[in-house]
Amino acid sequence: MFENFKSISPKAVARWFVNHTDRDSGEVMTQLKLQKLVYYAEAWFLANFDRPLLSEDFEAWAHGPAVKSLYAKYRGHGWEPIPPQPGKSVPKELEPFLQAVYDEYGQYSAKKLERMTHEETPWLEARGALPPEAASRTVIPKVKIRNFYAARIEKEAIEQLQN
């Protein structure tokens, strides 16, 4: 399905999630929640298609996996909701996949998503013995993310990803 897919900017995926937040029902999208949704999109894309969705890496920050460029873009919102974002959307063929991720994980609060990632091997291994609130710029290897989530759908581990 995504044989010829080229990785895209995390900002494009983030914009899709921000713009698909159901504000009429009271949903909000904060930076923390957004980082986790983009992480789960990357994780499940890696697991299902053995290639990265995103052109950037996640780092093992204190509040869970994060992409530096997303933090830089949305940091001014702090813990406040992010309003709809104009700009380029993701390729149409990617939308059903992102909708499935949103349907699964969008129901959870930002803090619940943070706790979930804190219990998962890719983030835990990248953090190592760091204290809970310690800063870290350690990259979470995409192949480790892929193998962790691929195991959940009973796929074999691999040593490297496709480009």
Side-chain angles (χ1 to χ4, degrees), residues 2 5 7-18 20-21 27-75 77-82 90 94 97-163:
F2 291 102
F5 182 82
S7 299
I8 61 175
S9 164
K11 291 176 187 172
V13 174
R15 187 177 309 109
W16 189 93
F17 283 125
V18 167
H20 283 80
T21 301
E27 289 182 11
V28 296
M29 184 64 67
T30 62
Q31 175 161 203
L32 182 64
K33 184 170 184 171
L34 184 60
Q35 289 275 8
K36 303 312 159 256
L37 289 174
V38 174
Y39 173 75
Y40 281 118
E42 173 75 313
W44 287 111
F45 199 88
L46 285 162
N48 281 286
F49 305 111
D50 300 330
R51 60 180 22 31
L53 169 65
L54 306 176
S55 58
E56 296 177 43
D57 290 319
F58 278 88
E59 296 175 351
W61 290 16
H63 292 283
V67 174
K68 253 189 302 197
S69 67
L70 288 183
Y71 178 75
K73 180 167 178 61
Y74 296 110
R75 73 188 295 170
H77 296 284
W79 298 100
E80 297 299 314
I82 300 169
V90 298
L94 189 57
F97 173 81
L98 294 178
Q99 186 64 55
V101 171
Y102 190 80
D103 291 347
E104 180 66 27
Y105 294 97
Q107 63 186 307
Y108 300 117
S109 71
K111 292 308 273 183
K112 167 75 173 168
L113 292 169
E114 177 182 329
R115 285 190 299 274
M116 289 166 58
T117 62
H118 282 202
E119 295 170 357
E120 296 171 349
T121 305
W123 181 84
L124 288 168
E125 285 184 356
R127 292 287 297 174
L130 284 174
E133 293 299 318
S136 171
R137 295 287 188 237
T138 303
V139 168
I140 305 172
K142 288 181 187 280
V143 73
K144 290 200 179 242
I145 296 170
R146 183 267 176 210
N147 287 339
F148 177 79
Y149 290 93
R152 291 183 168 188
I153 55 174
E154 299 180 359
K155 286 179 74 177
E156 296 290 324
I158 60 174
E159 291 185 31
Q160 63 185 40
L161 296 169
Q162 300 175 30
N163 291 331

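Note that the coordinates shown come from a computational prediction; the quantities given were computed from them, not determined experimentally.
Checked against side-chain hydrogen bond (donor to acceptor under 3.5 Å, both in side chains), Glu80 has no partners two or more places apart in sequence or in another chain. With sequence neighbours left out, the side-chain contact (heavy atoms from CB on, under 4.5 Å) criterion links Leu124 to no other residue. Taking the side-chain hydrogen bond (donor to acceptor under 3.5 Å, both in side chains) definition, one finds that Trp61 meets it with Glu59, sequence neighbours left out.
Judged by distance alone, the side chain of His118 and the main-chain N or O of Ala62 form a donor-acceptor pair under 3.5 Å. Between the Arg152 side chain and the Ala47 main chain, no donor and acceptor come within less than 3.5 Å of each other. Between the side chain of Arg127 and the main chain of Ala134, a donor-acceptor pair closer than 3.5 Å is present. When atom types are taken as modelled, the side chain of Asp57 and the backbone of Pro141 share no donor-acceptor pair closer than 3.5 angstrom. Panel note: side chain Gln107, backbone Glu104; a donor-acceptor pair is recorded below 3.5 Å. Counting only distance, with no hydrogens or angles, the side chain of Ser7 and the backbone of Pro52 share a donor-acceptor pair below 3.5 Å.
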- Task: Go through the steps to decide whether Met29 and Leu37 satisfy the test side-chain contact (heavy atoms from CB on, under 4.5 Å), and finish with yes or no.
- Result: CA-CA 10 Å; Met29 184 64 67; Leu37 289 174; 3.4 Å; yes
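Screening residues 129-155 for ring-ring contact (aromatic ring centres under 6.0 Å, His included) gives Trp44-Tyr149 as the qualifying pairs, with residues at least two apart or on separate chains. Sorted by first and then second residue, the salt bridge (charged side-chain N to carboxylate O under 4.0 Å, His left out) pairs involving residues 29-41 (not counting sequence neighbours) form an empty list.
The OH atom of Tyr39 sits 12.0 Å away from atom CG of Leu113, with the distance rounded to the nearest 0.5 Å.
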Show me the donor-acceptor pairs, under 3.5 Å and distance only, between side chains in residues 66-74 and residues at least two apart or in other chains.
unit_1	atom_1	unit_2	atom_2	d
Ser69	OG	Glu56	OE1	2.8
Ser69	OG	Glu56	OE2	3.2

